[in-house]
*Asks:* 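Just dropping this structure here.
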Amino acid sequence: MTFSSVSPESQGVPAAAVAAFLEGLKELALPMHSVLLVRRGALLAEYYAEPYPADVPHRIYSASKSFVALAVGLLVGEGKLSVRDRLAVYFPEKVPLDADALVLETTVEDLLRMAPPFSDESYDSLKGDVVESFFRAETTHPAGTIFCYNAASPAVLTALVEKLAGEPMLSYMWPRLLKPLGFSPRTWCVKMPQGLSWGASGIMCTPRDLAKLGVLLLNKGVWEGRRLLPEEYVRAACGRQLDSDAENTGTESGFGYGYLIWRTRHSGFAFCGMGSQYLVCLPKEELVLVTTGDTQAVRGGSDALLNCFWRTVYASLQPNGTALTSEARPAAERLALPLPFSDGSSGPPEGIWGRRAVMRENSMGISWMCFEREEDSILWRYENRTGEHQLRFGVGCYREQTFPETHYYIDTVGRPGGRGYRCQVGAVWSCAGTLAARVYITDVNVGTGKMTFRFERDCVSVWMTACAEFFLTEYRGFGWGCFSAD
């Protein structure tokens with residue numbers, strides 16, 4: 001199925017409100033990769049940033065957890081399990097003889113509600129058996145009573161799905177749900193070292209795929225007249241099962257929790273993933289918002305994104321069935337990754353090009369670095385613990401390239417992938433003697449690296465930070481060195 005594209009006004013959404021939303025994201029300097037709006041099954045707005053065209057899958061991180069809930073719903077619909085079933089019944093070989101009674105009484109529904117009988121993670125995603133670890137966990141309270149956000153619950157449920165299905169989770173979901181929705185055939189999931197799908201964080205799909213799931217759930221599990229998920233299960237999954245206030249550390253996570261699905265303002269529900277991977281569904285308004293991006297390095301960025309949406313698009317919605325006079329479409333043709341701030345008055349200092357700076361011992365293991373001037377770029381060469389590398393900083397723009405480290409994972413978390421990640425690299429002369437560079441990883445993972453180089457008195461100081469899960473660890477810390485004589 002392909003969405004029909006219509007004007008926002010035809011579905012009661014002012015084009016000016018869409019434009020204000022996009023402008024608000026730009027003013028917030030949020031690194032957004034896509035923004036989609038769907039109302040009553042029609043596509044109202046669709047915007048992408050380089051290098052993400054519509055058909056390229058995007059990592060959705062913890063929004064993957066909601067897929068696990070849907071997979072469980074398929075099993076429920078086929079009569080293969082009930083949410084009231086105790087987990088121990090399905091894993092007798094994993095249950096120790098001295099297992100705690102509170103663990104033994106834990107049900108499928110308890111984990112769907114993110115309400116295990118413990119307060120800490122029961123497993124390490126990089127090693128061990130997730131199910132055995134769960135049954136050996138130290139308990140603190142009865143399961144099903146208190147919401148406690150964790151990755152163990154969806155991991156154990158993924159193991160349950162794959163055991164009952166006899167195949168990987170997405171393979172099971174494909175003919176029953178994903179293919180009927182017209183999902184991208186490029187949809188896939190990162191695996192855990194144990195061989196399980198990483199249902200807690202690993203799914204790669206397109207923004208349009210997410211939008212289709214939103215429409216399905218707003219229609220209570222029916223797609224183009226065909227029921228794909230049980231209606232009662234969809235109501236429970238998208239409804240408010242437990243309070244989430246104790247876990248609320250921002251402005252948008254205190255509205256309750258369903259079955260691995262968050263509740264939102266205005267009686268909505270959402271799939272939520274790290275870095276602003278969102279599928280937000282508003283049943284009363286029949287509206288779906290999808291975003292992908294990498295706001296990990298922007299403190300409060302995800303909350304700011306949603307607040308911007310509520311203030312602009314949501315606040316301007318007209319009642320269902322109301323059409324507006326056609327207006328000009330928003331001017332922006334694409335989203336754009338933000339560059340670091342520059343005062344616009346500075347340029348490169350003299351005497352830095354082509355000279356090697358020998359670095360003092362530092363936490364990043366960088367032994368030397370060199371800067372070479374090119375027509376519209378700066379070539380940064382350096383050596384760290386993994387060898388000699390280079391990155392090309394686009395000056396005032398981003399340059400796509402391959403990040404030089406090849407030991408980051410690709411298809412299995414914790415296992416070297418053998419190739420570098422695709423990335424976008426740009427820089428500005430932010431103020432006197434200061435080069436501010438930014439690296440956006442845009443691959444199976446997304447992540448942000450920031451580098452500030454300060455040139456003064458024949459020396460260079462560098463400060464690097466990174467917001468990324470399980471990678472870019474070598475690019476965090478301070479360093480200082482002096483340029484050798486010509």
Side-chain angles (χ1 to χ4, degrees), residues 62-96 98-123 125 128-165 169 196-201 229-230 232-248 253-263 269 271-272:
S62 285
S64 305
K65 294 175 172 65
S66 303
F67 279 66
V68 178
L70 301 185
V72 171
L74 290 172
L75 290 169
V76 170
E78 293 178 348
K80 294 182 178 179
L81 85 164
S82 164
V83 297
R84 304 292 192 272
D85 291 345
R86 292 184 298 114
L87 285 162
V89 172
Y90 294 101
F91 296 104
E93 74 283 5
K94 304 283 188 179
V95 180
D98 59 348
D100 191 301
L102 293 179
V103 174
L104 295 177
E105 292 300 316
T106 301
T107 67
V108 172
E109 186 172 51
D110 293 336
L111 297 197
L112 287 169
R113 291 172 167 173
M114 279 280 191
F118 45 77
S119 57
D120 294 322
E121 290 290 2
S122 65
Y123 84 111
S125 60
D129 185 302
V130 298
V131 180
E132 285 185 358
S133 297
F134 173 82
F135 284 115
R136 294 182 181 278
E138 182 178 348
T139 62
T140 55
H141 58 278
T145 57
I146 298 295
F147 172 76
C148 179
Y149 190 79
N150 65 95
S153 293
V156 172
L157 289 174
T158 301
L160 175 61
V161 168
E162 298 195 344
K163 182 173 185 179
L164 294 182
M169 183 177 71
L196 293 172
S197 300
W198 196 11
S201 180
L229 288 167
E232 181 180 353
Y233 184 87
V234 172
R235 290 182 184 277
C238 300
R240 192 171 191 263
Q241 294 287 330
L242 291 176
D243 176 83
S244 61
D245 187 63
E247 289 275 349
N248 181 23
S253 56
F255 301 99
Y257 203 73
Y259 286 173
L260 303 181
I261 296 174
W262 290 89
R263 295 289 297 175
F269 57 89
F271 297 14
C272 304

*Asks:* For Ala143 versus Thr106, what's the shortest heavy-atom pair and its separation?
*Replies:*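 So the two residues come closest at CB-OG1, 3.5 Å.
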*Asks:* Is Glu138 atom CD crowded by more than 12 heavy atoms from other residues, nucleotides or ligands, each under 6.0 Å away?
*Replies:*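 Open: at most 12 neighbouring heavy atoms sit under 6.0 Å from CD of Glu138.
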*Asks:* With heavy-atom distances below 4.5 Å as the criterion, would you say the side chains of Leu111 and Pro116 are in contact?
*Replies:*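 Yes. Closest side-chain heavy atoms under 4.5 Å.
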*Asks:* Within the 4.5 Å heavy-atom criterion, are Val103 and Phe134 side-chain neighbours or not?
*Replies:*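 Val103 vs Phe134: side chains touch.
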*Asks:* Rounded to the nearest 0.5 Å, what separation is found between the OH atom of Tyr259 and the SG atom of Cys238?
*Replies:*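 If I round to the nearest 0.5 Å, the distance is 11.0 Å.
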*Asks:* Is Val76 close to Val108 at the side-chain level, that is, under 4.5 Å between some pair of heavy atoms?
*Replies:*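 Sidechains of Val76 and Val108: no contact.
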*Asks:* If you compare all heavy atoms of Arg113 against all heavy atoms of Gly144, which two are closest, and at what distance to 0.1 Å?
*Replies:*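 Scanning both residues, the minimum pair turns out to be NH1-O, 4.1 Å.
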*Asks:* Listed by chain and number, what are the side chain to side chain donor-acceptor pair (under 3.5 Å) partners of Thr158, not counting sequence neighbours?
*Replies:*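 Not a single residue meets the side chain to side chain donor-acceptor pair (under 3.5 Å) criterion with Thr158.
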*Asks:* Please give me the minimum heavy-atom distance between Arg263 and Tyr257, naming the atom from each residue.
*Replies:*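 Looking at all heavy atoms of both residues, the shortest contact is CG-N, 3.9 Å.
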*Asks:* Testing the basics here: between Phe255 and Ser244, what is the closest heavy-atom pair and its distance to 0.1 Å?
*Replies:*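 Shortest heavy-atom contact: N-OG, 3.5 Å.
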*Asks:* Could you tell me the separation between the CE atom of Met114 and the CD1 atom of Ile146, rounded to the nearest 0.5 Å?
*Replies:*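 Answer rounded to 0.5 Å: 15.0 Å.
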*Asks:* Is it the case that Tyr149 and Ser253 place a side-chain donor and acceptor less than 3.5 Å from each other?
*Replies:*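 On atom types as modelled, these side chains do not qualify, holding no pair under 3.5 Å.
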*Asks:* Can you tell me how far the OG1 atom of Thr107 sits from the CG atom of Leu87, to the nearest 0.5 Å?
*Replies:*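 Spacing of OG1 (Thr107) from CG (Leu87) equals 7.0 Å.
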*Asks:* Does any part of the side chain of Val161, heavy atoms only, come nearer than 4.5 Å to the side chain of Val72, both counted from C-beta?
*Replies:*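 With C-beta onward as the side chain, the pair touches.
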*Asks:* Within the supplied structure, the quantity of interest is the number of heavy atoms (other residues, nucleotides, ligands) at a distance under 6.0 Å from Leu81 CG; does it exceed 12?
*Replies:*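 For Leu81, atom CG is crowded (more than 12 foreign heavy atoms under 6.0 Å).
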*Asks:* Please report the interatomic distance CG(Asp100) to CD(Glu105), rounded to the nearest 0.5 Å.
*Replies:*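 The CG atom of Asp100 sits 10.5 Å away from the CD atom of Glu105.
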*Asks:* Within this structure, what is the CH2-NZ distance for the pair Trp198 and Lys65, rounded to the nearest 0.5 Å?
*Replies:*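 The CH2 atom of Trp198 sits 8.5 Å away from the NZ atom of Lys65.
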*Asks:* Where do Glu109 and Gln241 land on the side chain to side chain contact (heavy atoms under 4.5 Å, CB included) test, with the steps shown first?
*Replies:* CA-CA 10 Å; Glu109 186 172 51; Gln241 294 287 330; 4.2 Å; yes
*Asks:* Could you tell me whether a side-chain N or O of Lys80 sits under 3.5 Å from a main-chain N or O of Leu164, the two making a donor and an acceptor?
*Replies:*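 Checking the backbone N and O of Leu164 against the side chain of Lys80, no donor-acceptor pair under 3.5 Å is found.
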*Asks:* So, do Leu74 and Leu229 sit near enough that their side-chain heavy atoms are less than 4.5 Å apart?
*Replies:*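 Contact flag for Leu74/Leu229 side chains = yes.
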*Asks:* When rounded to the nearest 0.5 angstrom, what distance separates CZ in Phe147 from CG in Asp245?
*Replies:*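 Output value for this atom pair is 11.0 Å.
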*Asks:* So which atom in Ala151 and which in Ala200 form the shortest heavy-atom distance, rounded to 0.1 Å?
*Replies:*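 For Ala151 and Ala200, the tightest heavy-atom pair comes out as O-CB, 4.0 Å.
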*Asks:* On a heavy-atom basis, which atom in Phe118 and which in Cys148 lie closest, and how many Å separate them?
*Replies:*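 Smallest interatomic distance, heavy atoms only, reads O-SG, 4.1 Å.
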*Asks:* Is a side-chain N or O of Ser197 found less than 3.5 angstrom from the main chain of Gly199, in a donor-acceptor match?
*Replies:*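 Such a contact is absent between Ser197 side chain and Gly199 backbone.
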